[in-house]
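Encoded as structure tokens, the structure appears first; notes follow it.
Just so we're on the same page: letters track the sequence lines, and every chain starts at 1. These values consider heavy atoms only, across backbone and side chains, with no hydrogens, waters or symmetry-generated copies.
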Amino acid sequence: MVNQELAKIFYEIADYLDMEGNAVPFKSIAFKKVANNLESSNEDAGNIYKKGGLKALMEISGVGKGIAFKIEEYLKTGKIKELIALKKRTPVDLGGLMRIEGLGPRKIKILYQKLGVRNIKDLEKTAKAHKIASLFGFGEKTEKNILEGIEFLKRSNEEFLLGEILPKVRKIIAELKNLKEVKRISEAGSVRRRKETIGDADILIVSSNPKKVIDYFISMPSVVKVWAKGSTKASIRFKDGFDSDLRVLSEKQFGSALQYFTGSKEHNIALRKIAINKGLKLSEYGLFKGPKIIAGKTEEEIYEKLGLQWIPPEMRENQGEIEVAKIHKIPQLVELNNIKGDLHCHSHWGDGNGKEGIENLVKMAIRIGYEYIGISDHTKFLRIEHGLDEKQLAEQNKAIKSLNSKFYILNSNFRILHGCEANILADGSIDIKDEALAKLDYVIAGVHSQMKMSKEKMTERIIKAMENPNVDIISHPTGRVIQQRDEYEIDFAQILKVAKETGTILEINASPVRLDLNDNNIRKAKEMGAKMIINTDAHQPEQMRFMEYGVSQARRGWAEKKDIINTQSVEKILAVFKRP
DNA sequence: GCCGTTTTCGGCCCGACTGTTTTCAGTCG
């Protein structure tokens, strides 16, 4: 998508401008702002230009005459001359160098001018040669920090999956709660916003005895390094490799601190601007009118005093939620306890787990409190997963019927549905015969092979599958695996259109490595009115607990209960499927 | 460079920390 390319370029321009320390310091802010807007926009700048030219581009928030011309230049020539000129003037790897903690554009400029540092390699060499400490504005400590920063970068694994971090954060919080000095405690930051990947975990605490809480925190057995320790905060690394910041606050600031540390940064900036317009000032210490604090104890009162409805953390990305909160139209987001069943569960029927595999999944579903479960094993094309053929599906169907009567005795409200996760082959056909598919309660179909097709071909392939009257659900529709594999190339708008026309349901795959659809696509699907289902794709009963991550992602995509079909009863859900 | 229900000019988010200074610039979240 051209928006991402443009955003990257504008961020880069902004960094180079910052480095030059230009005469118009706010120019770089303008570039960063527009980069951020483009990044999070659902509307492709290329399309906007095609439809309405320069004038339409200038309708984009943050785009004026100058930037509109630059977007046009990029669309026409594939490059932007100003950036090329900036790079030529100061040929350094700014993006790379800025990843070193403590180095920003201005210091990098000095390092380049005085020592000819162009990249991290140069930087390491000059630091080790002890040339940096004597520079004006630098010193021994800075040089040491740079070397540490390079080391840190070398072994840092950046971001962790929400599915890895959230359970650990909950464990830490549970442990801290045991302290009688802890009055209140909450997760904050991107964990609270349920971002799919997490850099570090923020935890906030109200306590009358900060010292004791901090000391306890940094001496937890799983702590391997203390980065920083103050009287009210600490920063540590756990042995699993992730960092965590703890802050101890007073009760009367808890709301404003929670708001501030939950972010996102962009959301907070927007809120502070609203505060300024009202003659107020917002910070982590409260909402102030002059020297007087007028809100701070709870998040709700801060939003209220700013004239806004309270905004769920998952929506706080400054992607339109503030405008919606102004008119009190924040959607009633779907919740975990709205979910009545999971229709994408693998029993391993084909690798000999048989009935037992199904029973274990059913027991878990009942324990969770579901009203139904769908068994959907892989089909024959996926030999490596012991995919089922038509005959095995028929046998499985019999077994499920008998299990249904068995569990009926235990819980007459519970239903086992029989489906499968069939394969969409390269030509868009399904690897199981239509007669066999028609005998199931529902059919999921997904792409599991040949993922590197052209955009046109892949779109056509999935559309053909959606047009099959036996295919009810498309699993993990974009195929991405977080930090491992990109989405396949598809025209998602086109897919949404056909999904709506054919009544095909798009899956929000709740597996923490997939979360596919992602938040942006969920929002597009919602806007288009396409139906979605949240499934876990569990390959063992415990993984049915992944549902929570799918629901979080749905909430980040602003989805409501009515957008998600497995918030409905089994009768209603069967009526949504295509087969009679 | 962008923007406007106080503004077409004069603003543009806030506070803390660090390391370097001798009163502050740069960086971070």
Side chain of [X] only, heavy atoms from C-beta on: which candidate in [options] is closest?
X	options	value
A:K265	B:dG29, B:dT20, B:dG15	B:dG29
A:K281	B:dC2, B:dC12, B:dC14	B:dC14
A:T142	B:dG15, B:dG29, B:dG19	B:dG19
A:E284	B:dG29, B:dG19, B:dG15	B:dG15

*asked:* Going by the glycosidic torsion and a 90 degree boundary from 0, is the base of B:dT22 oriented syn or anti?
replied: anti

*Base paired to B:dG15 (Watson-Crick or G-U; both N/O distances under 3.5 angstrom)*: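 By the stated definition (distances under 3.5 Å), B:dC28 pairs with B:dG15.
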
If you measure from the [atom1] atom in [N] to the same atom in [M], how many Å do you get, rounded?
N	M	atom1	result
B:dC2	B:dT8	C1'	12 Å
B:dC3	B:dT7	C1'	10 Å
B:dG10	B:dG15	C1'	24 Å
B:dT21	B:dG26	P	13 Å
B:dC12	B:dC17	C1'	24 Å

Rounded to whole angstrom units, what separation is found between the [atom1] atom of [X] and the [atom2] atom of [N]?
X	N	atom1	atom2	value
A:F261	B:dA16	CZ	P	10 Å
A:I274	B:dC14	CD1	P	13 Å
A:K195	B:dG29	NZ	P	13 Å
A:I203	B:dG29	CD1	P	17 Å
A:I146	B:dG19	CD1	P	12 Å
A:N36	B:dC12	CG	C1'	15 Å
A:M58	B:dC2	CE	P	7 Å
A:Q259	B:dG15	CD	C1'	14 Å

*Atom CD of A:E5: over 12 foreign heavy atoms under 6.0 Å*: yes

Under 4.0 angstrom, heavy atoms only, what part of the nucleic acid is [X] near: base, sugar-phosphate, or nothing?
X	value
A:V63	sugar-phosphate
A:I276	sugar-phosphate
A:K65	sugar-phosphate
A:N145	sugar-phosphate
A:I269	base

*With respect to A:D563, which candidate in A:K524, A:R523, A:K526 satisfies the salt bridge (charged side-chain N to carboxylate O under 4.0 Å, His left out) definition?*
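That would be A:K526; it is the only one of A:K524, A:R523, A:K526 passing the salt bridge (charged side-chain N to carboxylate O under 4.0 Å, His left out) with A:D563.
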
Taking only nitrogen or oxygen atoms into account, show me every contact under 3.5 Å that the protein makes with nucleotides 21-28 of chain B, one pair per line with its distance.
from, atom 1, to, atom 2, distance (Å)
B:dT27, OP1, A:G104, N, 2.6
B:dT27, OP1, A:G104, O, 2.9
B:dT27, OP1, A:K107, N, 3.0
B:dT27, OP2, A:R106, N, 3.3
B:dT27, O5', A:G104, N, 3.4
B:dC28, OP1, A:G102, N, 2.9

*Going by atom types alone, do A:Q553 and A:D516 pair a side-chain donor with an acceptor below 3.5 Å?*
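No donor-acceptor contact under 3.5 Å links the two side chains.
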
*Hey, are A:E82 and A:Y16 close enough side-chain-wise for a donor-acceptor pair under 3.5 Å?*
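Result is no, nothing qualifies.
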
*Phosphate oxygens OP1/OP2 of B:dG1: is one of them under 4.0 Å from a side-chain N or O of A:S28?*
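No.
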
_Nearest heavy-atom neighbours spanning A:G46 and A:L75_ = CA-CD2, 4.0 Å

*asked:* Give me the atom names and distance for the closest heavy-atom approach of A:V334 to A:V551.
replied: O-CG1, 3.9 Å

*Got a salt bridge between A:E164 and A:K168, using NZ or NE/NH1/NH2 to carboxylate O under 4.0 Å?*
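Between A:K168 and A:E164 there is no salt bridge, as every charged N stays at least 4.0 Å from the carboxylate O atoms.
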
_Residue closer to the 5' end of DNA chain B, A:G279 versus A:K273 (nearest nucleotide)_ = A:G279

*asked:* Closest-nucleotide mapping onto DNA chain B: is A:K70 or A:N277 further toward the 5' terminus? I mean the 5' end.
replied: A:K70

*Pairs satisfying salt bridge (charged side-chain N to carboxylate O under 4.0 Å, His left out), at least one member in residues 306-319 of chain A, at least two apart*: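 Listed once each, the pairs are A:R193-A:E317, A:E299-A:R316, A:E314-A:R555, A:E317-A:R556.
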
*Indicate, yes or no, whether a donor-acceptor pair under 3.5 Å links the base of B:dG15 to the side chain of A:Y285.*
no

*List in chain and number order the residues that pass salt bridge (Lys or Arg N to Asp or Glu O under 4.0 Å) with A:K180, two or more places apart in sequence or in another chain; answer none if no residue qualifies.*
none

